[in-house]
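For reference, the structure discussed in these notes is given below.
Throughout, numbering of the chain's residues begins at 1 and tracks the sequence.
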Amino acid sequence: MNFNIGIEELNTFLIAMTPIGGLQAALPIALTVYNLSILSAYFFSVLGSLVPPIFILLTIGAFSQYLSQKSFFFNRFFQWLFNKTRTNHQKKIEKWKEWTLMIFVVVTGAWTGSLIAFVFNMPTKRALLFITLGVMIAGIIVTIFTLTGLLLYLHFGWQIFLGLLFLIGLILWYFKFKKKSR
């Protein structure tokens, strides 16, 4: 693997750090726009996605405590938010522990996973381990979908995307209609 870090790798890393988009945007951009190798795109996307959780888990406790002490509004808000979240999801977290966190990171991203780890008082090292596993799995999934999309595009053209979008829309409409009819 060639680790010459250029502007494309840096951009991939920075895009992966963002809360909106993150790895799910960085990997396809790295593979399609920047033409990075699969390993480089994966490496810089995963690495960029892991920076925010480290920062969040190390600072959010002190930050929320500071705001709670300085502001009545934030104190009430954090109490309400944490109690509501813990009440609604405590059983799932207790049953599956950090595995729930990992699955959540695969689906939603590392930023949200970091916040969940904080709200449920997960140990930082274990939370980072499972967030890392979740990000790595998400990276593999996004890479597979991106490469599959590229292959379909190369063999069938842009029309296949319209057809797939139409098919997905029909399937979603069917399940929504079926759910309403119950």
Side-chain angles (χ1 to χ4, degrees), residues 1-57 89 92-93 95-117 126-182:
M1 184 185 319
N2 187 0
F3 280 113
N4 292 335
I5 298 176
I7 192 72
E8 294 86 3
E9 290 84 359
L10 179 62
N11 285 344
T12 301
F13 179 82
L14 293 174
I15 292 168
M17 287 178 59
T18 62
I20 298 174
L23 175 127
Q24 291 81 356
L27 254 166
I29 290 171
L31 291 171
T32 59
V33 177
Y34 299 143
N35 293 318
L36 293 180
S37 70
I38 294 169
L39 291 176
S40 290
Y42 179 84
F43 177 78
F44 288 104
S45 296
V46 168
L47 193 63
S49 292
L50 292 176
V51 171
I54 294 168
F55 179 75
I56 290 169
L57 289 173
H89 303 288
K92 293 175 194 165
I93 296 293
K95 182 177 180 182
W96 296 99
K97 306 230 187 282
E98 289 89 357
W99 294 101
T100 306
L101 176 64
M102 183 185 72
I103 292 168
F104 203 86
V105 169
V106 169
V107 175
T108 64
W111 282 75
T112 313
S114 303
L115 297 175
I116 289 171
R126 285 195 56 80
L128 283 173
L129 171 67
F130 282 89
I131 289 170
T132 301
L133 290 172
V135 167
M136 291 171 72
I137 292 168
I140 292 168
I141 293 169
V142 171
T143 301
I144 290 169
F145 274 98
T146 303
L147 294 176
T148 302
L150 285 172
L151 284 173
L152 289 173
Y153 175 75
L154 290 174
H155 290 294
F156 299 105
W158 61 269
Q159 296 89 345
I160 192 71
F161 288 115
L162 291 179
L164 287 174
L165 287 175
F166 180 73
L167 182 62
I168 291 168
L170 278 177
I171 292 168
L172 292 174
W173 175 81
Y174 172 76
F175 284 113
K176 185 175 181 180
F177 178 75
K178 189 174 180 179
K179 187 177 181 180
K180 281 184 180 181
S181 67
R182 287 184 186 176

Straight-line distance of [X] [atom1] to [Y] [atom2], nearest 0.5 Å:
X: Thr18; Y: Gln24; atom1: OG1; atom2: CD; answer: 9.5 Å
X: Met136; Y: Leu50; atom1: CE; atom2: CG; answer: 8.5 Å
X: Leu27; Y: Ile141; atom1: CG; atom2: CD1; answer: 11.5 Å
X: Leu151; Y: Thr146; atom1: CG; atom2: OG1; answer: 11.0 Å

Where [X] and [Y] come nearest, the two heavy atoms and their spacing:
X: Gly134; Y: Val106; value: O-CG2, 3.3 Å
X: Ile38; Y: Leu147; value: CD1-CD1, 3.6 Å
X: Ile56; Y: Trp111; value: CD1-CE3, 3.5 Å
X: Ser37; Y: Leu31; value: O-CD2, 4.0 Å
X: Leu57; Y: Ala117; value: CD2-CB, 3.9 Å
X: Pro53; Y: Ala110; value: CG-CB, 3.4 Å

- Task: Apply the test side-chain contact (heavy atoms from CB on, under 4.5 Å) to residues Phe130 and Val105: give CA-CA distance (whole Å), side-chain angles for both, the deciding distance (0.1 Å), then the verdict.
- Result: CA-CA 8 Å; Phe130 282 89; Val105 169; over 6 Å; no
- Item | Audit row: Ile171, Phe175, side-chain contact (heavy atoms from CB on, under 4.5 Å) steps and yes/no | CA-CA 6 Å; Ile171 292 168; Phe175 284 113; 3.5 Å; yes
- Message: According to ring pair (Phe, Tyr, Trp, His ring centres under 6.0 Å), who are the partners of Tyr34, at least two apart in sequence or on a separate chain?
- Response: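 By the ring pair (Phe, Tyr, Trp, His ring centres under 6.0 Å) rule, Tyr34 matches no residue at all.
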- Query: For the side chain of Tyr153 and the backbone of Ile160, is there at least one donor-acceptor N/O pair under 3.5 Å apart?
  - Reply: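 Absent.
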- Item | Side chain Ser45, main chain Tyr42, donor-acceptor under 3.5 Å |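 No, Ser45 side chain to Tyr42 backbone: no donor-acceptor pair under 3.5 Å.
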- Count the heavy atoms of every other residue, nucleotide or ligand shown that sit under 6.0 Å from CG of Leu164, and state whether that count exceeds 12.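 For Leu164, atom CG is crowded (more than 12 foreign heavy atoms under 6.0 Å).
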- Take atom CD1 of Ile20 as the centre, draw a 6.0 Å sphere, and report whether it contains more than 12 heavy atoms from other residues, nucleotides or ligands.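 Counting other residues, nucleotides and ligands, CD1 of Ile20 stays at 12 neighbours or fewer.
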- Task: Scan Thr132, Ile131, Ile137 and name whichever one has a side chain to side chain contact (heavy atoms under 4.5 Å, CB included) with Met102.
- Result: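 Of the listed residues Thr132, Ile131, Ile137, the side chain to side chain contact (heavy atoms under 4.5 Å, CB included) partner of Met102 is Ile137.
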- Does Phe13 have any side-chain contact (heavy atoms from CB on, under 4.5 Å) partners at least two apart in sequence or in another chain, and if so, which?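 With sequence neighbours excluded, Phe13 shows a side-chain contact (heavy atoms from CB on, under 4.5 Å) to Met17, Leu47, Val51, given in chain and number order.
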- Given the rule in the side-chain contact (heavy atoms from CB on, under 4.5 Å) test, do Ile29 and Asn11 qualify, once you have shown the distances and angles that lead to the verdict? CA-CA 9 Å; Ile29 290 171; Asn11 285 344; over 6 Å; no
